[in-house]
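Following: one structure in C-alpha cells, then a few remarks.
Residues: numbered from 1 along the sequence shown. What's counted below: heavy atoms across the whole structure, side chains too, no hydrogens, waters or symmetry copies.
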Amino acid sequence: MEVLEGFPFVNHVWPEDRDYVVGNYWKRVYGETAPDLYEFRFIGTDGRPTWIVLSATTGLSWNGKPATLYLVTDINERKQAEERLKASEERYRELSLVDELTQLYNARHFYQQLQSEIDRVNRYCEPLTLLLLDLDNFKAFNDTYGHVNGDAVLSRFGQVMKRCLRQTDSAFRYGGEEFTVLLPMTTAKDGAIMAERIRMEFNKERFSPNSHKDICMTASIGVAQYKIDEDMKSFIQRADQLMYLAKKNGKNRVSYK
C-alpha cells in the first residue's frame with residue numbers, strides 16, 4: 001500500500017486500538033498465544049476510522065530470520081452494515097418496549113420488569129412498592145375536546161412522571177389513561193410521598209383545548225407494597241383497589257396501605 005510506504009504500520013492504527021494491536025504483536029514476538037485473525041480500526045486516507053481484519057501467518061522465514069506474514073483486508077463496508085443492523089435491531093427493541101405517545105415503557109415491559117423485581121424481593125427481602133395511577137374524568141375530557149387534546153394530556157402526564165421519579169424507578173403506560181410505577185427499595189409510606197409529588201406536579205399543569213379557558217386535570221393514585229411470596233396478580237389488584245378507593249373518596253388523591 002503506497003500510503004504506508006516509509007511509515008511504521010502502527011502509526012496508521014486508530015489511536016484507541018493501538019495498544020490492542022501492539023500487544024498482539026509483542027505476544028507473538030515472545031512466543032505467547034495471540035489471535036491469528038483479529039479486527040481493528042485503521043486511519044483512512046480521509047483521516048476517519050476504517051475497519052480492517054488482520055491475518056497473521058507464523059513459522060515463516062525471511063532472509064534467514066523468523067518472520068510473520070500479515071494480510072490486511074478492508075471490512076469497513078461489512079462493519080458499517082453490521083452497525084446499521086445493530087441500530088435497527090436496537091430501535092425495534094425500544095419500540096417494542098416503549099409507548100410511542102407517552103415515551104414511557106408499555107404494559108408488556110411492565111409485566112416483565114415486575115416479575116424481575118418480585119424475584120429480587122423474594123430473594124433478598126427488600127421492599128418494593130407499586131403505584132397505580134388513573135387520570136380523573138379523562139373520558140369526559142376526551143369526548144368533549146377530542147382525541148388530539150386527550151393525547152396531549154396523556155403525553156404531559158408521562159413527562160410529569162419522568163420529572164418526579166428517581167433513576168432507579170420505572171414508569172409505564174398500563175393502558176388507556178392508566179399508568180403504573182415500580183419503586184424498588186421503597187416502602188408504601190415512602191411510595192405515598194412519591195405519589196403525592198406526582199399528583200401535585202400534575203395539578204400545576206394547565207391545558208387549553210380551546211381559547212376560552214384553561215383546564216386542570218387530576219389523577220387518583222393507589223400505592224401498595226409487595227408482600228413476600230405474593231402472587232403478581234394479587235399485588236396488582238391491591239394497588240388497583242387502592243386507586244379506586246382514592247376515586248371513591250373524591251378523586252385527586254393518594255390512597256395507600
_Are Ser55 and Thr73 packed together at the side-chain level, in the sense that at least one heavy-atom pair is separated by less than 4.5 angstrom?_
no
*In Å and rounded to the nearest 0.5 Å, what is the OH to CG distance from Tyr124 to Asp119?*
11.0 Å
_If you define the side chain from C-beta out and look only at heavy atoms, does anything of Glu126 sit under 4.5 Å from Pro184?_
no
*Answer yes if Met185 and Leu114 sit in the same cluster of Ile, Leu, Val, Met, Phe, Trp and Tyr residues linked by side chain heavy atoms under 4.5 Å apart, and no otherwise.*
no
_Minimum-distance pair of heavy atoms, taken over all atoms of Glu177 and Leu154_ = CA-CD2, 3.9 Å
*Between Phe172 and His109, how do the two ring planes meet: parallel, tilted or perpendicular, split at 30° and 60°?*
tilted
*Just wondering, do Gln103 and Lys162 contact through their side chains at under 4.5 Å, heavy atoms?*
yes
*Heavy-atom pair of closest approach, residues Ala34 and Asn24*: CB-O, 3.8 Å
*Between Phe141 and Met217, does a side chain to side chain contact (heavy atoms under 4.5 Å, CB included) hold up when you go through it step by step?*
CA-CA 9 Å; Phe141 180 95; Met217 297 292 290; 3.7 Å; yes
*Is it the case that more than 12 heavy atoms not belonging to Asn210 sit under 6.0 Å from its CG atom?*
yes
_Between CG on residue Leu97 and CG on residue Asn106, distance to nearest 0.5 Å_ = 6.0 Å
*For Pro15 against Ile43, the heavy-atom pair lying closest together*: CD-CD1, 4.4 Å
*Identify the heavy atoms of Arg197 and Cys164 that sit nearest to each other, and give their distance.*
NH1-O, 3.4 Å
*Can you list the steps and then say if Met194 with Asp169 is a side chain to side chain contact (heavy atoms under 4.5 Å, CB included)?*
CA-CA 11 Å; Met194 175 66 74; Asp169 305 328; 3.7 Å; yes
*What are the two closest heavy atoms between Phe235 and Ala224, and how far apart are they?*
CE1-O, 3.5 Å
*When you look at CE of Met200, are more than 12 heavy atoms from neighbouring residues, nucleotides or ligands closer to it than 6.0 Å?*
no
*Has the side chain of Thr129 got a donor or acceptor atom that lies under 3.5 Å from a matching backbone atom of Ala188?*
yes
*Do side-chain atoms of Ser220 reach the backbone of Asn252 as a donor and acceptor pair under 3.5 angstrom?*
yes
*Asp99 with Arg173: basic N within carboxylate O range, under 4.0 Å*: yes
_Centroid-centroid distance, Phe207 to Tyr145, less than 6.0 Å_ = no
*Residue pair Val53 / Val72, side-chain heavy-atom distance below 4.5 Å*: no
*Step by step, work out the side chain to side chain contact (heavy atoms under 4.5 Å, CB included) result for Glu230 and Ile118.*
CA-CA 9 Å; Glu230 181 179 17; Ile118 286 176; over 6 Å; no
_Can you confirm whether or not the ring centre of Phe179 sits under 6.0 Å from the ring centre of Phe157?_
yes
*Using the rule that two of Ile, Leu, Val, Met, Phe, Trp, Tyr join whenever any of their side-chain heavy atoms come within less than 4.5 Å, decide whether Ile75 and Leu37 are in one cluster.*
yes
*Do Phe202 and Leu132 belong together in a cluster built from hydrophobic side chains that touch within less than 4.5 Å?*
no
*Are Leu242 and Ile198 joined in one hydrophobic group, where the rule is that I, L, V, M, F, W and Y side chains link up if heavy atoms are under 4.5 Å apart?*
no
*Passing candidate, side-chain contact (heavy atoms from CB on, under 4.5 Å) with Trp51, options Lys79, Arg78, Gln80, Glu83*: Lys79
*So how far is it from Thr50 OG1 to His12 NE2, rounded to the nearest 0.5 Å?*
13.5 Å
*Do Val21 and Val10 belong together in a cluster built from hydrophobic side chains that touch within less than 4.5 Å?*
yes
_Residues, nucleotides or ligands: over 12 heavy atoms within 6.0 Å of Phe138 CZ_ = yes
*Got more than 12 heavy atoms from elsewhere within 6.0 Å of CD, Glu77?*
no
*asked:* Whether the side chain of Thr144 engages the backbone of Ala140 through a donor-acceptor N/O pair (distance < 3.5 Å, no angle test) should be reported.
replied: yes
_I need the minimum non-hydrogen distance between Val254 and Glu196, along with the two atoms involved._
CG2-OE1, 3.4 Å
*Output, in order, the C-alpha distance, side-chain angles, deciding distance and verdict of side chain to side chain contact (heavy atoms under 4.5 Å, CB included) for Leu130 and Leu182.*
CA-CA 5 Å; Leu130 170 65; Leu182 289 177; 3.9 Å; yes
*Can you tell me how far CG of Asp240 sits from CZ of Arg238, rounded to the nearest 0.5 angstrom?*
12.0 Å
_Using a 3.5 Å distance criterion without hydrogens, assess whether the side chain of Arg206 forms a donor-acceptor pair with backbone atoms of Asn203._
yes
*Mind telling me whether Tyr111 and Tyr174 have parallel, tilted or perpendicular rings, with 30° and 60° as the class edges?*
tilted
*Should the heavy atoms of other residues, nucleotides or ligands under 6.0 Å from CZ of Arg48 be counted, would the total exceed 12?*
no
*Short side-chain to backbone donor-acceptor contact, Arg18 and Val13, under 3.5 Å*: yes
*asked:* With rounding to the nearest 0.5 angstrom, report the CD to CD1 distance, Glu39 to Ile52.
replied: 10.0 Å
_Please identify which of these residues, Asn137, Thr218, Asp134, meets the side chain to side chain donor-acceptor pair (under 3.5 Å) condition with Lys251._
Asn137
_Quick one: does any side-chain atom of Ser234 pair with a main-chain N or O of Met232 as donor and acceptor, under 3.5 Å?_
no
*asked:* Quick check for you: to the nearest 0.5 Å, what is the distance between Thr186 atom OG1 and Arg166 atom CZ?
replied: 3.5 Å
